[in-house]
Amino acid sequence: MKMVMVLHVLGFLLVLGFIRSQAKFFPKVYDYEVKEATFTRLCKNKTILTVNGEFPGPTIYAHRGDTLIVNVKNRGNLGITLHWHGVKQPRYPWSDGPEYITQCPIQPGANFSQKIVLSDEEGTLWWHAHSDWSRATVHGLIVIRPKIGRPYPFPRPYAEFPIILGEWWRQDVEAVLLDFLKTGGDPNSSDALTINGQPGDLYPCSPAETTKFIVQHGKTYMLRMVNAAMNLFMFLAIGSHKVTVVGTDGAYTKPLKSKYVVISPGQTIDLLFKADQPIGRYYIAAKPYNSQPFISFDNTTTTAIIEYRGYRKKSSSPVFPHLPKVNDTTASVNFTGSLRSLASRAHPINVPMKINRNFLFTISINTVPCPNNSCQGPQGLRFAASVNNITFETTRISILNAYYGRIKGVYGDNFPNFPPLFFNFTADNISDSLQTPLNASEVKVLEYGDTVELVFQGTNLVAGIDHPMHLHGHSFYVVGWGFGNFNKSRDPLNYNLVDPPLQQTIAVPKNGWTAIRFKADNPGVWLMHCHLERHISWGMEMTFITKNGRRRGESILPPPRDMPPCT
């Protein structure tokens, strides 16, 4: 009998090994057709760009370490790129997606088969367009489960629900982009916030389509959440229910119980909640967090509904949650600053301790001259944005193509380690002479294996605001943060080097700083930028190039044959 059981177990293990090996040779394939489709929101029909006619787009399901193929067919009328946000793409930057950084756009009528290489990511990530403002409607989730046979580091939830936060404009989004670039001012605010593409029942013509989740009393559920909004941080809570954060940006965290969450654009968070309240209906509600009172924004609230199975009183209103005030900076930083890596034996961390590259990057809103002071920025000037006082200037071909092909004259390699001028970055009154940035296409070159500490320093140039900074090709440890100017002698003494959260997108607080650490062990060309879309449109971005290493497996892999050409 024991021999039979042993044979059964061996047989199961062999089959499991075969399945895993075949996943490498026969990756899962998705077909994405980028095309226009008509949707009705806020009492009005509107044609938007979609993937496969869906809004939000289809969810990708995978296991840790899988390789996927996504065949992208552009049937729209504009060039487009797709980015797999949070996927490191080891040695394979060719499918990373940012326009003119790693590729040129997929032109209308053209195809591009993108290889998605997963490594140590586990949890929830997302994909989105990375060209112009197409990501407003072209986006979806990436769900990465543990390897087959491996458990979650928490009790398996009874079911999982997607929560995709977004914005909706009655106006065509491309027109919003073109208008604010033309005028030099701020873009028009959205007309509604959305959960899974629906505004919710606080908006006109929306209650019937409000997103609804049916739950069973006593069961625990997971919310896989992303903030896909273009320009808004969001507070979110569930009426009468607490949530427990268990992951962010494709990495597990120590369980963090909270009455609310704050999530920055580009960030993902995995939450658990137990359906332990009286049988009834409860709102999931999300509204903006905004630390800058002088900008206009969509100050509305989107809702979804949790309904307990067996509920009968359909006419009563759902229980509404308590949400922090829209300008509650303390609530925002207290939540973000409480995140910690799981740092367990099964999910260890590896914080770089010996740093050989130190950087301080100022992130600023700027202004530039406008003919006859006719723009809609302050004093008739045009808004801009910068990193270390450099506004990124788009190249004519992709930086990756130029680097790999050794094409000269496309970009420079003199991006500064520190800001060109040191002053009181967070002072209330800063000289107007400091507001004008330089335009350049400079990159920062890293040696393979460099250990990097990078401090993001927010400034009060023009107007201070929180900045969600996102790094492609890497995850990083958030080892410290604070308000005011970073003090290189004092502040590192308070770093968390034991269990800092592992993220790819981090909110730098208004007029404050955030310190991150990472190892440059992924050769390629990797964009870093603010994930507020208006800020990247103004030029708040820069690029790292990590050089090839000397050993086998430390070099960029060759490009695919169907790489979109640069026309």
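All heavy atoms count here, side chains included; hydrogens, waters and symmetry mates do not.
- In terms of the salt bridge (Lys or Arg N to Asp or Glu O under 4.0 Å) criterion, Arg91 has no residue partners (sequence neighbours excluded).
- Taking the six-membered ring for Trp and the full ring otherwise, the centers of Phe55 and Trp168 sit less than 6.0 Å from each other.
- The side chain to side chain donor-acceptor pair (under 3.5 Å) test applied to Asp499 returns Lys254, Asn496, not counting sequence neighbours.
- With sequence neighbours left out, Thr81 forms a side chain to side chain donor-acceptor pair (under 3.5 Å) with no residue at all.
- Formation of a donor-acceptor pair under 3.5 Å by the Glu122 side chain with backbone atoms of Arg64 is not found in this model.
- The nearest pair of heavy atoms linking Pro146 to His63 is O-ND1, 2.8 Å.
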* To do: For Met222 and Phe154, run side chain to side chain contact (heavy atoms under 4.5 Å, CB included): C-alpha distance rounded to whole Å, both residues' side-chain angles, the deciding distance at 0.1 Å, then the answer.
  => CA-CA 11 Å; Met222 174 182 278; Phe154 44 80; 3.4 Å; yes
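- Looking at Ile365 and Met540, their side chains come closer than 4.5 Å, going by heavy atoms from C-beta outward.
- Looking only at distances, a side-chain donor or acceptor of Thr211 sits under 3.5 Å from a matching main-chain atom of Ile195.
- The only option from His128, Gln114, Arg135, His139 that meets the side-chain contact (heavy atoms from CB on, under 4.5 Å) definition with His83 turns out to be His128.
- Applying the salt bridge (Lys or Arg N to Asp or Glu O under 4.0 Å) rule to Asp491 yields no partners; only residues at least two apart in sequence or on another chain are considered.
- Taking the six-membered ring where tryptophan is involved, the planes of Tyr32 and Trp84 are tilted, since the angle between them lies from 30° to 60°.
- At least one side-chain heavy atom of Leu68 sits less than 4.5 Å from a side-chain heavy atom of Ile60.
- Applying the side chain to side chain contact (heavy atoms under 4.5 Å, CB included) rule to Ser489 yields the partners Asn487; only residues at least two apart in sequence or on another chain are considered.
- By the salt bridge (Lys or Arg N to Asp or Glu O under 4.0 Å) test, Lys212 pairs with Glu307, sequence neighbours left out.
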* Asked: Going through the checks in order, is the side chain to side chain contact (heavy atoms under 4.5 Å, CB included) test met by Trp133 and Met230?
  -> CA-CA 8 Å; Trp133 277 30; Met230 300 290 279; 3.6 Å; yes
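- Closest non-hydrogen pair, Thr301 versus Ala285, comes out as CG2-CB, 4.1 Å.
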* Worked check of side chain to side chain contact (heavy atoms under 4.5 Å, CB included) between Lys28 and Ile116 -> CA-CA 10 Å; Lys28 192 171 185 178; Ile116 315 306; over 6 Å; no
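- Under the 4.5 Å side-chain criterion, counting only non-hydrogen atoms from C-beta, Pro157 is in contact with Leu272.
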* Asked: What do the steps show when you test Thr546 against His474 for side chain to side chain contact (heavy atoms under 4.5 Å, CB included), and what is the final call?
  -> CA-CA 11 Å; Thr546 299; His474 303 78; 4.2 Å; yes
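- Annotation: side chain to side chain donor-acceptor pair (under 3.5 Å) contacts involving residues 336-348, sequence neighbours excluded, are absent.
- Two residues are said to be in side-chain contact when any heavy atoms from C-beta on lie closer than 4.5 Å; Met225 and Leu236 meet this criterion.
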Do any side-chain atoms of residues 504-513 form donor-acceptor pairs under 3.5 angstrom with protein atoms, and if so which ones, sequence neighbours left out?
from	atom 1	to	atom 2	distance (Å)
Gln504	NE2	Gly86	O	3.4
Gln504	NE2	Asp249	O	2.9
Gln504	NE2	Ser475	OG	3.0
Thr505	OG1	His85	NE2	3.2
Thr505	OG1	His470	ND1	3.3
Lys510	NZ	Ser291	O	2.9

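- Side chain to side chain, His529 and His535 fail the donor-acceptor criterion of an N or O pair below 3.5 Å.
- At least one side-chain heavy atom of Phe544 sits under 4.5 Å from a side-chain heavy atom of Leu471.
- For residues 192-203, the pairs satisfying side chain to side chain donor-acceptor pair (under 3.5 Å) are Asp201-Tyr283, Asp201-Thr303, Tyr203-Thr300, with sequence neighbours left out.
- Under the ring-ring contact (aromatic ring centres under 6.0 Å, His included) criterion, Trp169 pairs with no residue, sequence neighbours left out.
- Side chains of Gln89 and Ser95: no donor on one and acceptor on the other come within 3.5 Å.
- Pro500 approaches Leu497 most closely through the heavy-atom pair CD-C, 3.9 Å.
- Between the Glu121 side chain and the Leu118 main chain, no donor and acceptor come within less than 3.5 Å of each other.
- Formation of a donor-acceptor pair under 3.5 Å by the Arg41 side chain with backbone atoms of Gly197 is found in this model.
- Sorted by first and then second residue, the pairs that involve residues 218-246 and meet side chain to side chain donor-acceptor pair (under 3.5 Å), not counting sequence neighbours, are Thr124-Arg224, Tyr152-Arg224, Glu160-Arg224, His241-Tyr308.
- The side-chain heavy atoms of Phe425 and Ser364, taken from C-beta on, include no pair separated by under 4.5 Å.
- Judged by distance alone, the side chains of Asn460 and Thr426 never bring a donor and an acceptor atom under 3.5 Å apart.
- The structure places CG of Asn290 at 10.0 Å from CZ of Phe235, a figure rounded to the nearest 0.5 Å.
- Taking the six-membered ring where tryptophan is involved, the planes of Trp126 and His531 are tilted, since the angle between them lies from 30° to 60°.
- You'll find the side chain of Pro265 stays beyond 4.5 Å of the side chain of Leu232, heavy atoms only.
- The salt bridge (Lys or Arg N to Asp or Glu O under 4.0 Å) search around Glu541 returns none, not counting sequence neighbours.
- Looking at Asp120 and Lys88, a side-chain N of the basic residue comes within less than 4.0 Å of a carboxylate O on the acidic one, giving a salt bridge.
- Here the closest heavy-atom approach between residue Gly239 and residue Tyr282 is recorded as O-CD2, 3.2 Å.
- Between Trp127 and Pro58, some side-chain heavy-atom pair lies under the 4.5 Å cut-off.
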